[in-house]
Each structure stands twice: as structure tokens, then as C-alpha cells.
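So the structure is just underneath, and the comments pick up after that.
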Amino acid sequence: MLIDHYHTVRQHSLRLAAPLSDEDCGAQSMPDASPVKWHLAHTTWFFETFILESMEEGFAPFHPAFRVLFNSYYNGVGEKHPRAQRGLLTRPGMAQVRAYRANVDARIARLLAGELAREARERLTMLLALGLEHEQQHQELLLTDVKHLLAQSALFPAYWEGTFAPAQQLALPTAWLAFDGGLAQIGHAGDGFCFDNELPRHPQYVAPFELATALVTNGEFLAFIEAGGYRTAHLWLAEGWDWVRSQQLQCPLYWQVDDAGHWQEFTLSGLQPLDPALPATHLSLFEADAYAHWAGARLPTEGEWELAAQGVEVEVGRLHPAAGTPGAGLRQMFGHCWQWTSSSYAPYPGYRTAPGALGEYNGKFMLNQYVLRGSSCATPAGHARASYRNFFPAGARWQFSGIRLARQVE
């Protein structure tokens, strides 16, 4: 039942926040990240603003100021609290945010249980589906934002007190899988949920290509570093080279060398020895593209990636990317790292934005972003599919983003 799915998704957000203190939940480590408390409140704001405000009889907001405090980027709704200042919101506290969630959840349940005309019921179902997918997006952001926050402390605190078992085998050598290409159908197909940026499904010509069967590993990326990759200008896009030099970067985000000269990696389980067999992650498009040039390959287009992903099993995340397992076919397509493509985030042919404020969900961001495909170890179960189009600026590194190489068939 829809109400059961609603409660399952909503409770998962609270479970993700459970290991954290109230202080953890209120802090913001950078403008691109948001406090856990804000994620929990904003996802609730979505249901209150886009469903209850228009469909609940005698609607009254839980708190009038929340309409501004927890609006993210919907100009059609009204004023917004500045994104970079979300960490300054000491009030409301976590207890009031939890009360806000409980209040809205109860009102949504009453609305679902009540009598509605057919068109109103269909609209409610559509909006709930969108709201739940939206909340799952924020569940992933919650984990990546928390990781960035905890990494700012010299204590290197763990979000999860368990440990990630080291890979049981050496990293597999890079292997390639060939695809004939041709006229492929790209975009979402079927009756299941998709975001509007996955539509309309359309034909796209893809030249014959090869795709690496596994993600680039820490060991492989370390070889790039030791070969002077961060100091070799010709490997980098011009903007990427300026980015590396201005930030004086020498390695991926969350990597560091200990006093004994050993590489370590900060994870959601704290600081760990760098495992060479695990996928390299938290890489920008600039780093991914530079590595691909160094390796004599390139990044795939999103059309290539989607064509190759048809029929590939979707894996569920595990809080850190895992090593590839032996076997034929493509591995680590889902549930490990989002994979950068060389494709700019742009509308598909025939794309139309939805009317009203909900039309701001995706379309207005189709500029100066690049598409990532697959899903990551932080992506919640049931949220990944081959047609999903994630997108970030070229310099973004705090998401679980990695590298899958491609090359032309000669």
C-alpha cells in the first residue's frame, strides 16, 4: 500500500539521523552541503507545501516561518533562507523538527484515508511518489553531507562504528566489454516512476565503443598520482588545471598520508588504511577526465552508459564502495560510485518542464553541470535505474563519484 511505502521511506530518514548528536545534525560544513536537521525538515516541507497546502481541508501550516526556512530553490513558492546559512538555524531544534515530521505524516495519512474524487486521488498519488523519490535523494545527500562534516574534525569521528572488511582479492586488471552501438533508445521506459529529466524516451545514435568492466580502483588512481598526474598540465581540461592549481590539490578528497608515509582514506567508519582494490571515489569530473587521458581512454557518454546498463542488476549500497568481483560482464554499475560521463546536463529532445513551482525541480539546472550515471553506496534501495540522470558541477567531489573508462572501437 502507498501509505506503507510512505512510512517506510520516512522512517528510513530518521534511522539515518539516529547515530548523530543534535550538534551533528545542526552543523553545515560548506555551502553545497546542508545540515541533517535541514534535510529532515525540508523533505517534510515538500509534503506540506505541495500536497497539504492545496489538498487538505482547512489547511494551516505547522509553523508559518517554515515556509521560508525550509524552501530550497522554489522561487514559485516564495522567499528562501540563504543556502549557505542553513547551519546558522539553531532553531527549530531537532525535537521540533521531529514533531513537524510526525504532524505532517499524520495529516498525509488522514488525507490518503479520506474520500477524494478520482482526479484528486490521481494527483495525490503522483505527488506522493515524487515526494518520496525526493526524500530518497535527500537520504543520499544526508550521508554525503555528514561525511564531509565529520571529516572536518581532527578526531575523524565515525558515523558508523563498524569496519569495512578489506578486499579479499587483488584488484582485477582492467578489462573491456565491446558494444556494437547503433540507434539506441535512451530515456525512461515503462510505467514505473521517473523524474522529468529522464523523458522523453528518444532514439540516439551511438558509435561502437568499449566500456571498462569495473570502476577505476584506489590502486590505479594512486599510480596516476605517483606518475605526477596532479602536476601534469596537458592531462587536464583548462578549467580543471586552474582548479587544481588554485586549490593546490594533490590527491582525492578524504585521502591523506599518515606519519609513517602510508595512505589513508576517511570513510563513514572513520579513518581507514587506503585499500588499493576498492573503487576510487569522491573524484571531480576534472580528476576523472585527467585520469582517463592519462590511461589512454576517455569517459563514456551518458548514451553509451545507458545502452550498456540495460539489463544489469541493480546492487544496493553498503556505506562504502566495494571491490569488484570476478566474473563476466559489467560490474559495479550500481550501488558503489556514481560514474561521471562526458555529457553535459541538457534537456532531451522534446523535453517540457511541468507547470508551476514543481517545474523548477530539474529543468532550470540544465546549465554548467555534467551527468553522472548509476548509483552509489549511499543511494537508498529502490532508487536506482538505468535511465536515472544525476548531475553536478565539474568540480564537485563530496558525492560518491568515481570513474568508469570508455574507448572507441578501432
Side-chain angles (χ1 to χ4, degrees), residues 172-190 192 194-217 220 235 237 279-280 283 285-315 324-351 362 366 369-376 379 384-392 394 401-410:
L172 301 171
T174 300
W176 298 91
L177 191 63
F179 293 86
D180 293 335
L183 196 61
Q185 292 296 319
I186 301 299
H188 183 75
C194 72
F195 290 109
D196 63 355
N197 64 358
E198 300 171 55
L199 295 171
R201 189 167 173 82
H202 62 284
Q204 183 179 122
Y205 176 74
V206 177
F209 68 100
E210 292 180 324
L211 206 61
T213 57
L215 298 174
V216 171
T217 65
E220 290 169 327
L235 296 174
L237 297 166
L283 298 168
L285 171 75
F286 295 136
E287 291 162 299
D289 184 79
Y291 177 89
H293 277 85
W294 176 78
R298 60 173 175 82
L299 300 180
T301 67
E302 64 168 324
E304 290 171 337
W305 194 98
E306 185 172 329
L307 185 155
Q310 300 302 320
V312 174
E313 181 181 356
V314 174
E315 299 178 63
T325 55
L330 297 173
R331 300 182 294 276
Q332 302 167 310
M333 293 289 277
F334 299 94
H336 298 271
C337 299
W338 288 103
Q339 294 145 60
W340 285 106
T341 74
S342 61
S343 298
S344 297
Y345 180 50
Y348 285 159
Y351 172 79
N362 281 308
M366 291 177 174
Q369 316 257 7
Y370 279 81
V371 175
L372 301 95
R373 289 304 195 105
S375 62
S376 83
T379 306
R385 54 190 169 271
S387 61
Y388 197 112
R389 305 176 78 200
N390 203 352
F391 56 93
F392 283 102
S401 46
I403 309 170
R404 185 178 299 274
L405 298 176
R407 65 187 185 186
Q408 293 306 122
V409 173
E410 297 181 359

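Along the sequence shown, the residues carry numbers beginning at 1.
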When you compare the side chain of [Y] with that of [X], does any pair of heavy atoms fall below 4.5 Å?
{"X": "Thr379", "Y": "Tyr388", "result": "no"}
{"X": "Trp176", "Y": "Val409", "result": "no"}
{"X": "Leu285", "Y": "Leu299", "result": "yes"}
{"X": "Met333", "Y": "Trp305", "result": "yes"}
{"X": "Phe391", "Y": "Met366", "result": "no"}
{"X": "His336", "Y": "Arg331", "result": "no"}
{"X": "Leu211", "Y": "Arg404", "result": "yes"}

Hey, what do you get for [atom1] ([X]) to [atom2] ([Y]), rounding to the nearest 0.5 Å?
{"X": "Thr341", "Y": "Asp289", "atom1": "OG1", "atom2": "CG", "answer": "11.0 Å"}
{"X": "Asn197", "Y": "Tyr348", "atom1": "CG", "atom2": "OH", "answer": "7.5 Å"}
{"X": "Leu215", "Y": "Gln332", "atom1": "CG", "atom2": "CD", "answer": "4.0 Å"}
{"X": "Tyr345", "Y": "Leu372", "atom1": "OH", "atom2": "CG", "answer": "11.5 Å"}

Donor-acceptor pair, [X] side chain versus [Y] backbone, under 3.5 Å?
{"X": "Arg373", "Y": "Ala386", "result": "yes"}
{"X": "Gln339", "Y": "Cys337", "result": "yes"}
{"X": "Ser401", "Y": "Trp338", "result": "no"}
{"X": "Thr213", "Y": "Gly329", "result": "no"}
{"X": "Glu198", "Y": "Phe195", "result": "yes"}
{"X": "Ser343", "Y": "Glu302", "result": "yes"}

I need the minimum non-hydrogen distance between [X] and [Y], along with the two atoms involved.
{"X": "Ser375", "Y": "Gly335", "value": "OG-N, 2.8 Å"}
{"X": "Gly303", "Y": "Ile186", "value": "O-CD1, 3.8 Å"}
{"X": "Ala308", "Y": "Leu330", "value": "O-CD1, 3.6 Å"}
{"X": "Glu315", "Y": "Phe334", "value": "CB-O, 3.5 Å"}

Carboxylate-amine/guanidinium proximity below 4.0 Å for Glu210 and Arg407: yes
Passing candidate, side chain to side chain contact (heavy atoms under 4.5 Å, CB included) with His188, options Arg389, Arg385, Arg201: Arg385
Flag if over 12 foreign heavy atoms under 6.0 Å of OH, Tyr370: no
Donor + acceptor pair across side chains of Tyr351, Asp196 (<3.5 Å): yes
Verdict with reasoning, Glu220 to Tyr291, per side-chain contact (heavy atoms from CB on, under 4.5 Å): CA-CA 9 Å; Glu220 290 169 327; Tyr291 177 89; 3.4 Å; yes
